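Here the structure is laid out as structure tokens; the discussion comes afterwards.
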Amino acid sequence: MTGTLITVAPTGAESAKADVPALPCTLDELVTTAKACEAAGAAVIHLHIRDDDARPTLDLGRAAAAVTAVREATDLVVQVSSGGAVTDTYDARQAVLDSNPDAASLTCGTVNFGDDVFMNPWPFIKDLYQLTIQRQVVPEFELFDLGHVATLHRLLDQFGPPAGGHVHCDLVMGVPGGMPGDVATLAAAVAALPDGASWSATGIGRTTLPVMLGALGAGGHLRVGMEDTLTFSRGRPVARNAELVERAADLARLAQRPPMPPAEARALLSIPARPA
Ligand code: KMH
Ligand code: ZN
């Protein structure tokens with residue numbers, strides 16, 4: 001059994017800074033968070049960018065500045081979100097691959113997303129996937145529903161392996177409108193993944209702990225962070241992303257699968273060396 005790859009998703013696009021003051025939104029806040037999360041055991045950071053008013057943006061200059069700043073300050077694998085916010089255009093979501101990241105999220109299907117719809121129609125998915133291959137950006141396949149696993153198979157069948165050659169997935173569970181965050185669903189999703197794929201899982205909101213414990217038991221990796229969870233325990237807001245990483249790292253050590261350092265995560269994910 002290998003160690004545990006811990007991804008931190010510190011910001012997301014859904015929460016407002018006014019409601020969640022601890023959310024890292026500025027470049028300085030992102031870098032400080034990245035360093036603290038690396039020290040706590042994270043190996044990958046999933047980046048969403050905010051503008052000067054802390055609103056979500058896919059502005060390419062800002063994304064590139066964030067990628068550069070986190071890379072300079074840490075050894076973390078830098079993964080940009082190509083999901084953005086539900087209001088972002090397909091063009092902007094593709095353009096973010098030009099920010100020189102190591103990796104990018106790639107969601108394998110449309111999903112109801114609370115009161116909104118997170119749009120990922122097949123023509124967009126296949127164009128984005130081909131772009132990741134051209135740019136040699138390693139995709140992380142985001143799977144919010146079991147149907148997304150079928151689309152992942154379709155993608156690989158039609159267009160071949162991803163940049164680097166290794167398939168890594170993230171099961172995003174417990175979104176209102178997506179697959180539930182429970183162990184039975186986790187087992188069904190994992191059983192359907194392509195042979196040889198590695199996977200992490202994250203449970204949104206109150207599904208965080210059941211999904212984390214189930215994933216550790218099933219040999220998976222973990223994603224945590226304030227994009228997914230704003231409550232540490234009943235009635236106690238998350239104070240900082242690093243405490244979510246610390247908790248995941250503690251549980252991983254308890255499971256005898258200690259946190260994987262970034263260099264090991266790069267090898268697992270087949271992240272190509274990038275020009276500065
Ligand atoms: N913000 C969600 C609409 C991703 O980063 O790729 C999409 C999301 C997925 O967070
Ligand atoms: Zn995201």
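Each residue takes its place number in the sequence, starting with 1. Numbering of ligands and ligand atoms starts at 1, following listing order. These figures come from a predicted structure and were not determined experimentally.
- Under 4.0 Å is where a charged nitrogen must lie from a carboxylate oxygen, and between Arg135 and Asp98 at least one such pair does.
- In summary, the side chains of Asp228 and Thr202 do present a donor paired with an acceptor at a separation below 3.5 Å, with no hydrogens or angles considered.
- Ser198 and His166 are linked by a side-chain donor-acceptor pair at a separation below 3.5 angstrom, with hydrogens and angles left out of the test.
- Of the protein's non-hydrogen atoms, the one nearest atom 5 (O) of ligand 1 is Ser81 OG, 2.6 Å.
- Taking distances strictly below 2.8 Å, the protein N/O/S atoms close to the Zn ion (ligand 2) are His46 NE2, His48 NE2, Glu227 OE2.
- The existence of a salt bridge linking Glu29 and Arg50 is excluded, since no basic side-chain nitrogen approaches an acidic carboxylate oxygen closer than 4.0 Å.
- Salt-bridge formation is detected for the pair Arg253/Asp250: a Lys NZ or Arg NE/NH1/NH2 atom is positioned less than 4.0 Å from an Asp or Glu carboxylate oxygen.
- Every atom of ligand 1 with a heavy atom of Glu14 under 4.0 Å away is listed here by number and element: 1 (N), 2 (C), 3 (C).
- Under a 4.0 Å criterion applied to the non-hydrogen atoms of His48, ligand 1 contributes the atoms 1 (N), 5 (O), 10 (O).
- Near Phe113, meaning under 4.0 Å from one of its heavy atoms, ligand 1 places the atoms 2 (C), 3 (C).
- Protein heavy atom in closest approach to atom 10 (O) of ligand 1: Glu227 OE2, 2.9 Å.
- With hydrogens and angles disregarded, no donor-acceptor distance shorter than 3.5 Å links the side chain of Thr185 to the backbone of Met179.
- Listed by atom number, the atoms of ligand 1 under 4.0 Å from Gly84 heavy atoms are 1 (N), 2 (C), 3 (C), 7 (C).
- A salt bridge is defined here as a Lys NZ or Arg NE, NH1 or NH2 lying under 4.0 Å from an Asp or Glu carboxylate O, and Arg266 with Asp102 meets this definition.
- Numbered from 1 in the order shown, with element, the atoms of ligand 1 that lie under 4.0 Å from a heavy atom of Gly83 read 4 (C), 6 (O).
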Derivation and outcome, side chain to side chain contact (heavy atoms under 4.5 Å, CB included), residues Thr132 and Leu97: CA-CA 7 Å; Thr132 61; Leu97 294 187; 3.8 Å; yes

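- Within the cation-pi definition used here (under 6.0 Å to the ring centroid, within 45° of the axis), Arg93 does not qualify as a partner of Tyr90.
- Applying the 4.0 Å criterion to heavy atoms of Ser105 picks out, from ligand 1, the atoms 4 (C), 5 (O), 6 (O).
- Counting only N and O atoms by type, the side chains of Thr33 and Asn241 include no donor and acceptor under 3.5 Å apart.
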